[in-house]
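Below is one structure; the comments refer to it alone.
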Number of protein chains: 2
Amino acid sequence: MDAEARRREIAEAVWRVVRRDGVPGASVRAVAREAGTSMGSLRHWFATQDDLLVFAMTLVQERARARVLAVVSAAGPDTTRGLRALEEVLPLDDERRAETEVWLALTARALVDPRLAALRDGSAEDLLALCALVLREPGALRPGLDPALEAERLYAVLDGLALHAATRPAALPADRAREVLAAHLGSLRDTR
Amino acid sequence: MDAEARRREIAEAVWRVVRRDGVPGASVRAVAREAGTSMGSLRHWFATQDDLLVFAMTLVQERARARVLAVVSAAGPDTTRGLRALEEVLPLDDERRAETEVWLALTARALVDPRLAALRDGSAEDLLALCALVLREPGALRPGLDPALEAERLYAVLDGLALHAATRPAALPADRAREVLAAHLGSLRDTR
DNA sequence: CCGTTTCTAGCACGGGTGTGCTAGCTTCGC
DNA sequence: GCGAAGCTAGCACACCCGTGCTAGAAACGG
């Protein structure tokens, strides 16, 4: 088996454990058990537990990034393209919900883990840039609005919705989150 | 010493530890050391570690709630009162930054801890209600806007800004967060 | 076929964990 | 003064933790 694929398999086991038992439950032993292998084998692929968590978070970000890029780089102009790109980081289905939960757990841990903090900062910059990019689409931003401030505000809406939809899905169902995001973009659009 | 005061003292020790070392660092021993007491004594006030965390989070919420209420219930009409009330839950100074960090850490843990989840849900409802209340002030919401949706959107902006200001203070300084929040409320206001 | 590399399994160590428990100290009410 | 209640200190237990290490299996190149 390809080495990278093996590492990805293990990282996915990390996600499952983190979703079930949180980051504290993601011990080396638990991950090995979840991945159906032994501690020794796992340690061959990841030297330390920290490497494991860092890789798991990297993978979450790469997957989200790939989905966003696929939407953004779709050919042809499309007024809903920005919305659809941003929706890729909302927990609208099970896959994205898992990603958001892992992201939240690791974001909290990043408060005391420098390596995770660096990862988090990188993805935050990416997302802020994405927001700015979406607002640069023709007609997306009504004249008179401050692009930098609106990017920051859109980013806040995006992460706020992701947070609420992930932590309290009953109070903010997927469709509702999408609706609020669409309304936000609509309120910025040039309506002439 | 008053019993409740003693419990509060210990809870504040929990905050200090959580801020320094994260929730994983908040072991019974570490908290006892931080509070300048012994494990046995600490266990007299809190039977289990879970009780400790639950009480610490309850206290965070109560403090924020008290601050918000103080602003909201201030006498006389005031167009900036809503803004100032919402600002009370943003990490704009050290005290509120500490609260936000603890809130974030415990929100993440609430994904796998039912008692903390219940607390989180309660405070989320409070905050959503606060957003709705702020938007009900005369002139706060331009005719034609959907109050429920706007409350949800405002709540997302609020938590998104809190999250970003707490995790990446360099990228989103306190003043900037306040500015974005003010701009959001401004964009909803009746400008006639 | 054999040597080498890659990978797996599992043990052992030192240390930290939450919690149960008891013995002693302090602080009251009377 | 004295008993009782409230409080503190600290030990002990069983458990889980990350990691270092070694022995062996498997895969592969020649």
Side-chain angles (χ1 to χ4, degrees), chain A residues 1-58 102 105-106 108-116, chain B residues 1-58 102 105-106 108-116:
Chain A
M1 172 178 303
D2 183 73
E4 192 60 20
R6 188 83 188 89
R7 285 167 64 91
R8 285 182 39 143
E9 252 183 38
I10 295 174
E12 284 166 18
V14 173
W15 298 352
R16 290 195 295 276
V17 176
V18 167
R19 288 192 67 192
R20 195 190 325 122
D21 306 317
V23 175
S27 68
V28 176
R29 283 167 177 82
V31 171
R33 208 178 312 127
E34 177 72 32
T37 180
S38 68
M39 282 168 48
S41 173
L42 197 155
R43 272 194 95 241
H44 173 75
W45 298 102
F46 298 95
T48 73
Q49 175 175 241
D50 205 47
D51 290 342
L52 199 51
L53 290 181
V54 166
F55 185 77
M57 183 151 189
T58 304
V102 172
L106 294 179
R109 188 169 171 113
L111 286 174
V112 289
D113 181 332
R115 288 181 70 190
L116 288 177
Chain B
M1 172 176 303
D2 184 74
E4 192 61 19
R6 189 82 190 91
R7 283 168 65 91
R8 286 182 37 142
E9 252 183 38
I10 295 174
E12 283 164 19
V14 173
W15 298 351
R16 290 196 294 276
V17 175
V18 167
R19 287 194 68 192
R20 195 189 326 121
D21 306 317
V23 176
S27 68
V28 177
R29 283 167 178 81
V31 171
R33 207 179 312 128
E34 177 71 32
T37 181
S38 69
M39 280 168 49
S41 174
L42 196 155
R43 274 196 93 237
H44 173 76
W45 298 102
F46 298 95
T48 72
Q49 176 175 241
D50 206 47
D51 290 342
L52 200 51
L53 290 181
V54 166
F55 184 77
M57 184 150 188
T58 304
V102 172
L106 294 180
R109 188 170 172 112
L111 286 174
V112 289
D113 182 331
R115 289 181 70 190
L116 288 177

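Values below: every heavy atom of this structure, side chains too, minus hydrogens, waters and symmetry copies. In what follows, chains are A, B, ... by sequence order, proteins preceding strands, each numbered from 1. Note that this is a predicted model, so its numbers are computed, not measured.
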### Task
Go through dG18(D), dG20(D), dC7(C) for me and flag the one nearest to the Arg43(A) side chain.
dG20(D)
### Query
For His44(A) and dT8(C), is the shortest distance between a side-chain N/O and OP1 or OP2 below 4.0 Å?
no
### Summary
Atom CZ of Arg33(A) and atom P of dA9(C) are separated, to the nearest Å, by 14 Å
#### Entry: Flag side-chain contact, heavy atom, 4.5 Å: Leu52(A) against Leu42(A)
yes
### Task
Check the distance between dC16(D)'s P and Gln49(A)'s CD and give it to me in whole angstrom.
16 Å
### Task
Compare the minimum distances between each of dT19(C), dT8(D), dA9(C) and the side chain of Ser41(B), then state the nucleotide with the smallest one.
dT8(D)
### Task
Using atom CG of Leu52(B) as one end and atom C1' of dT17(C) as the other, report the distance to the nearest whole Å.
14 Å
### Task
Nearest whole angstrom, please: distance from the P of dG20(C) to the CZ of Phe46(B).
16 Å
### Task
Could you tell me the separation between the CG atom of Leu53(A) and the P atom of dC17(D), rounded to a whole number of Å?
13 Å
### Message
I need the CD1-C1' distance between Ile10(B) and dT8(D), as an integer number of Å.
### Response
11 Å
### Query
Want to settle it: does Leu42(A) or Ser27(B) sit nearer the 5' end of DNA chain C, counting the closest nucleotide to each?
Leu42(A)
### Message
On the nucleotide dG18(D), are OP1 or OP2 found under 4.0 Å from the side-chain N or O atoms that Thr48(A) carries?
### Response
no
### Message
Is the phosphate of dC7(D) approached by Arg7(B) (side-chain N or O, under 4.0 Å from OP1 or OP2)?
### Response
no
### Query
Between Ala30(A) and Gly40(A), who's closer to the 5' end of DNA chain D by nearest nucleotide?
Ala30(A)
### Comparing Asp50(B) and Met39(A) on DNA chain C - which has the more 5′ nearest nucleotide
Met39(A)
### Query
Is Thr37(A) close to Glu9(A) at the side-chain level, that is, under 4.5 Å between some pair of heavy atoms?
no
### Query
Hey, does the side chain of Trp45(A) come within less than 4.0 Å of dT6(C)'s phosphate (OP1/OP2), counting only N and O?
no
### Query
Is the shortest heavy-atom distance from the side chain of Val17(A) to the side chain of Val14(A) under 4.5 Å?
no
### Query
Which heavy atom in Ala108(B) sits nearest to a heavy atom in Ala108(A), and how many Å separate them?
CB-CB, 3.5 Å
## Note on the structure
Which of dT19(C), dA9(C), dT8(D) is nearest the side chain of Arg6(B)? It is dT8(D)
### Query
Can a donor-acceptor pair under 3.5 Å be found between the side-chain atoms of Arg29(B) and the base atoms of dG16(C)?
no
### Query
Are Leu111(B) and Arg19(A) side-chain neighbours, meaning at least one heavy-atom pair lies under 4.5 Å?
no
